[in-house]
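Right, one structure below, let's go through it.
All values below come from the heavy atoms of this structure, side chains included, with hydrogens, waters and symmetry mates left out.
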Amino acid sequence: MAKQKKETNLGKDPVGRLLFRLAVPAITAQIVNVLYNMVDRMYIGHIPKIGAAALTGVGVTFPIIMVISAFAALMAMGGAPKASIMMGKGDRETAEKILGNCTSGTIAAGLILTVLLLIFGRDLLMLFGASENTIGYADTYMKIYACGTLFVQIALGLNTFITTQGFAGTSMLSVVIGAVTNIILDPIFIFGFDMGVSGAALATIISQALSAVWVLLFLTGKKTTLKIRKKYLKIDPRLYGSCLALGMSPFIMQATEGAITVCFNSSLLRYGGDIAVGAMTILSSVMQFSMLPLQGLTQGAQPIVSFNYGAGNMERVKKAFFLLLRACVIYSTLLWAVAVFAPQAFIMIFTSDADLSAYTEWAMRIYMAMSLIFGIQVACQQTFIALGNAKTSLFLAVLRKIILLIPLIFVLPLFFTDKAMAVFLAEPVADTLAVATTATMFFVQFRKLLKRMEKGTKSEEKAEA
């Protein structure tokens with residue numbers, strides 16, 4: 001433990017080295033998590049005779065699974081930055097109270113979601129597009145998955161408290177353990193035991209259960225700095241409420257993914273037909289997968305920013321933010337360059353159909369036209385969360401997706417002859433407006449924060465004198 005602490009000192013180690021050490025495991029965990037979900041669907045799609053219908057049915061469960069993950073993010077991204085700030089202030093007791101409160105909240109959310117999904121799961125699946133041909137597979141998968149919701153909440157919701165202490169490698173292992181287990185169990189249950197979709201769901205919840213056990217063992221063991229203690233499990237409404245307020249931003253960002261997919265697909269089906277919906281499926285997959293390094297970078301930077309903000313070391317906060325900003329912008333610019341100048345590099349991964357490939361090529365150039373500036377949005381918005389600014393981070397999450405993107409999907413086609421193109425155009429227009437607003441708000445508030453911290457430091461020096 002002493003060795004680990006020396007290796008990851010959030011208050012003293014060089015910021016660049018810290019960001020690299022924390023971000024690489026976070027990026028790896030993000031990619032592994034997506035890959036094992038893709039492998040899960042690959043196995044289901046190859047079930048003899050029923051593969052196509054089973055894959056479609058399981059695909060319908062995606063919006064519900066995103067909402068489950070969003071509740072985990074509500075606890076994780078709300079509580080972890082708060083705990084890290086308290087650690088920076090040297091207030092370990094409050095940091096452990098936050099961990100205890102979020103642990104109780106995570107368990108409560110898991111149990112409530114389990115009950116709701118078992119009762120209303122079938123109705124929700126029909127609402128999200130299941131048909132008479134696919135509802136059987138979707139319902140079977142969802143009922144089994146629902147029984148593991150508690151494990152999902154613990155594995156995703158509490159793992160961030162490991163990262164925020166600087167144990168990024170341990171946090172990555174939490175994901176890898178589940179991923180490897182799922183990849184091994186999937187073919188055994190699906191094909192070996194001839195369980196089909198039920199086997200895929202069972203493999204998933206067993207994998208999540210192992211990850212959850214790993215997380216709990218670490219957070220109650222000897223190596224952790226913050227420990228789950230029985231005396232802090234009782235929820236303090238004021239303390240827990242502040243964590244929920246900060247977590248609302250990532251919650252909305254994840255929970256609205258399903259709604260945005262429905263909006264895009266319904267509009268594109270109307271104006272461009274099945275090929276436009278197929279193109280959107282590829283574009284959303286590319287966007288989701290390509291954004292993982294940005295998410296990993298911000299997860300790596302969050303403990304550095306939060307801890308040093310709590311410690312009052314604004315010089316290190318500035319270094320961490322501007323390093324994060326440069327890294328995010330460089331990556332998003334490279335992503336934009338590939339999407340605009342070599343879109344086939346992405347498209348060929350998902351389809352070999354000539355018509356769909358040609359349609360997706362021009363659509364990608366429009367859809368990702370402003371992705372080069374998206375790194376600014378991610379870096380600023382996530383730093384607001386790391387600094388504990390709940391109101392602004394919530395507004396920015398609502399701004400891009402709910403206030404801008406969803407209305408633009410339906411409004412822009414009214415002004416263009418090529419209406420399908422106008423739907424794809426909603427993404428870069430929303431990005432441009434959101435980035436301009438976010439950057440302006442961030443730098444104005446960041447400058448005020450720096451001045452306030454400088455005044456506080458000078459006042460302390462005078463008092464000591």
Legend entry - Leu226 vs Ile98, side chain to side chain contact (heavy atoms under 4.5 Å, CB included): CA-CA, chis, key distance, verdict: CA-CA 10 Å; Leu226 300 180; Ile98 291 170; over 6 Å; no
Legend entry - Set of ring-ring contact (aromatic ring centres under 6.0 Å, His included) partners for Tyr240, sequence neighbours left out: none
Inset, instruction - Measure from the side-chain N and O atoms of Arg365 to the backbone N and O of Phe341, and report whether any donor-acceptor pair falls under 3.5 Å. - result: no
Inset, instruction - Using modelled atom types only, decide if a donor and an acceptor are shared between the side chain of Thr149 and the backbone of Ala146 within a distance under 3.5 Å. - result: yes
Legend entry - Close side-chain approach of Thr103 and Met75, heavy atoms under 4.5 Å: no
Inset, instruction - Could I get the full list of side-chain hydrogen bond (donor to acceptor under 3.5 Å, both in side chains) partners for Tyr137, not counting sequence neighbours? - result: none
Legend entry - Under 3.5 Å: donor-acceptor pair, side chain of Asn308, backbone of Ile304: yes
Legend entry - Listed partners of Ser211 passing side-chain hydrogen bond (donor to acceptor under 3.5 Å, both in side chains), at least two apart: none
Legend entry - Between Thr163 and Gln299: side-chain donor-acceptor atoms closer than 3.5 Å: no
Inset, instruction - Quick one: do Val286 and Met368 satisfy side chain to side chain contact (heavy atoms under 4.5 Å, CB included)? Show the steps, please. - result: CA-CA 10 Å; Val286 170; Met368 301 186 70; 4.2 Å; yes
Legend entry - Side-chain donor or acceptor of Gln153 paired with backbone N/O of Ile107 under 3.5 Å: no
Inset, instruction - Enter the distance from Cys102:SG to Leu244:CG here, rounded to the nearest 0.5 Å. - result: 7.5 Å
Inset, instruction - Give the C-alpha distance, both sets of side-chain angles, the deciding distance and a yes or no for side chain to side chain contact (heavy atoms under 4.5 Å, CB included) between Leu268 and Phe424. - result: CA-CA 9 Å; Leu268 288 171; Phe424 290 119; 3.8 Å; yes
Legend entry - N/O donor-acceptor pair under 3.5 Å between Ser207 side chain and Asn182 backbone: yes
Legend entry - Distance, nearest 0.5 Å, that separates NZ of Lys227 from CD of Glu96: 8.0 Å
Legend entry - Between OG on residue Ser174 and CD1 on residue Ile162, distance to nearest 0.5 Å: 4.5 Å
Legend entry - Side chain to side chain, Phe191 and Pro48, heavy atoms closer than 4.5 Å: yes
Legend entry - Distance in Å, Asn159 CG paired with Thr164 OG1, rounded so as to fall on 0.5 Å steps: 11.5 Å
Inset, instruction - Provide the closest heavy-atom pair for Lys401 versus Thr256 in the form atom of the first, atom of the second, distance. - result: CD-OG1, 3.2 Å
Legend entry - Test item: Pro81 and Leu246 side chains (from C-beta on) under 4.5 Å apart, heavy atoms: yes
Inset, instruction - Any pair with a residue in residues 280-291 that passes salt bridge (charged side-chain N to carboxylate O under 4.0 Å, His left out), sequence neighbours left out, goes on the list, sorted by first then second residue, please. - result: none
Legend entry - Minimum-distance pair of heavy atoms, taken over all atoms of Thr61 and Leu125: CG2-CD2, 3.7 Å
Inset, instruction - Just jot down the side-chain contact (heavy atoms from CB on, under 4.5 Å) partners of Ser242, sequence neighbours excluded, or say none. - result: Lys82
Legend entry - Pairs touching residues 117-127 that satisfy salt bridge (charged side-chain N to carboxylate O under 4.0 Å, His left out), sequence neighbours left out: Arg122-Asp139
Inset, instruction - Could you tell me whether the side chain of Tyr367 reaches within less than 4.5 Å of the side chain of Met287, counting heavy atoms only? - result: yes
Legend entry - Separation of Thr94 OG1 from Ile85 CD1 (nearest 0.5 Å): 12.0 Å
Inset, instruction - Just jot down the ring-ring contact (aromatic ring centres under 6.0 Å, His included) partners of Phe71, sequence neighbours excluded, or say none. - result: Phe251
Legend entry - Flag side-chain contact, heavy atom, 4.5 Å: Ile64 against Met142: yes
Inset, instruction - Can you measure from CG (Leu156) to CD (Gln208) and round to the nearest 0.5 angstrom? - result: 5.5 Å
Legend entry - Flag side-chain contact, heavy atom, 4.5 Å: Arg92 against Met86: no
Inset, instruction - Could you pull out all residues at least two apart from Thr160 that satisfy side-chain contact (heavy atoms from CB on, under 4.5 Å)? - result: Ala76, Met77, Ala80
Legend entry - Ser393 side-chain N/O to Ala390 backbone N/O, donor-acceptor pair under 3.5 Å: yes
Inset, instruction - Tell me whether the centres of the aromatic rings in Phe167 and Phe218 are closer together than 6.0 Å. - result: yes
Identify each donor-acceptor pair in which a side-chain atom of residues 320-340 lies under 3.5 Å from a protein atom, sequence neighbours left out, and give them as a table.
from: Tyr331; atom 1: OH; to: Ser290; atom 2: O; distance (Å): 2.5
from: Ser332; atom 1: OG; to: Cys328; atom 2: O; distance (Å): 3.1
from: Ser332; atom 1: OG; to: Val329; atom 2: O; distance (Å): 3.1
from: Ser332; atom 1: OG; to: Leu372; atom 2: O; distance (Å): 2.8
from: Ser332; atom 1: OG; to: Gly375; atom 2: N; distance (Å): 3.4
from: Thr333; atom 1: OG1; to: Val329; atom 2: O; distance (Å): 2.7
from: Trp336; atom 1: NE1; to: Ala369; atom 2: O; distance (Å): 3.0

Inset, instruction - Looking only at non-hydrogen atoms, find the nearest pair between Leu117 and Leu124 and report the distance. - result: CD2-CD1, 4.4 Å
Inset, instruction - Return the minimal non-hydrogen interatomic distance between Ala434 and Leu399, and the atom names on each side. - result: CA-CD2, 4.2 Å
Inset, instruction - Please confirm whether the backbone N or O of Lys234 pairs with a side-chain atom of Asn101, one donor and one acceptor, at under 3.5 Å? - result: yes
Inset, instruction - Please name all residues satisfying side-chain contact (heavy atoms from CB on, under 4.5 Å) with Gln295, sequence neighbours left out, ordered by chain then number. - result: Gln30, Met291, Leu292
Legend entry - Sidechain-backbone polar pair: Thr224 side chain, Thr220 backbone, donor-acceptor under 3.5 Å: no
Legend entry - Salt bridge flag under 4.0 Å for residues Arg229 and Glu93: no
Inset, instruction - Please list, chain by chain and in numerical order, all residues satisfying side-chain contact (heavy atoms from CB on, under 4.5 Å) with Ala426, sequence neighbours excluded. - result: Leu405, Leu408, Ile409, Leu412
Legend entry - Residue pair Asp236 / Lys97, side-chain heavy-atom distance below 4.5 Å: no
Inset, instruction - Compare every heavy atom of Ala201 with every heavy atom of Tyr145, then report the nearest pair and how far apart it is. - result: N-CB, 4.3 Å
Legend entry - Ser284 vs Phe264 side-chain heavy atoms within contact, under 4.5 Å: no
Pair up each side-chain donor or acceptor in residues 376-384 with any protein partner under 3.5 Å, not counting sequence neighbours, and list the distances.
from: Gln377; atom 1: OE1; to: Thr438; atom 2: OG1; distance (Å): 2.8
from: Gln377; atom 1: NE2; to: Gln381; atom 2: OE1; distance (Å): 2.7
from: Thr383; atom 1: OG1; to: Ala379; atom 2: O; distance (Å): 2.6

Legend entry - Worked verdict on Trp214 versus Leu173 for side chain to side chain contact (heavy atoms under 4.5 Å, CB included): CA-CA 9 Å; Trp214 169 269; Leu173 282 175; 3.9 Å; yes
Inset, instruction - Please name the pair of heavy atoms, one in Asp186 and one in Gly199, separated by the smallest distance, quoted to 0.1 Å. - result: OD1-O, 4.4 Å
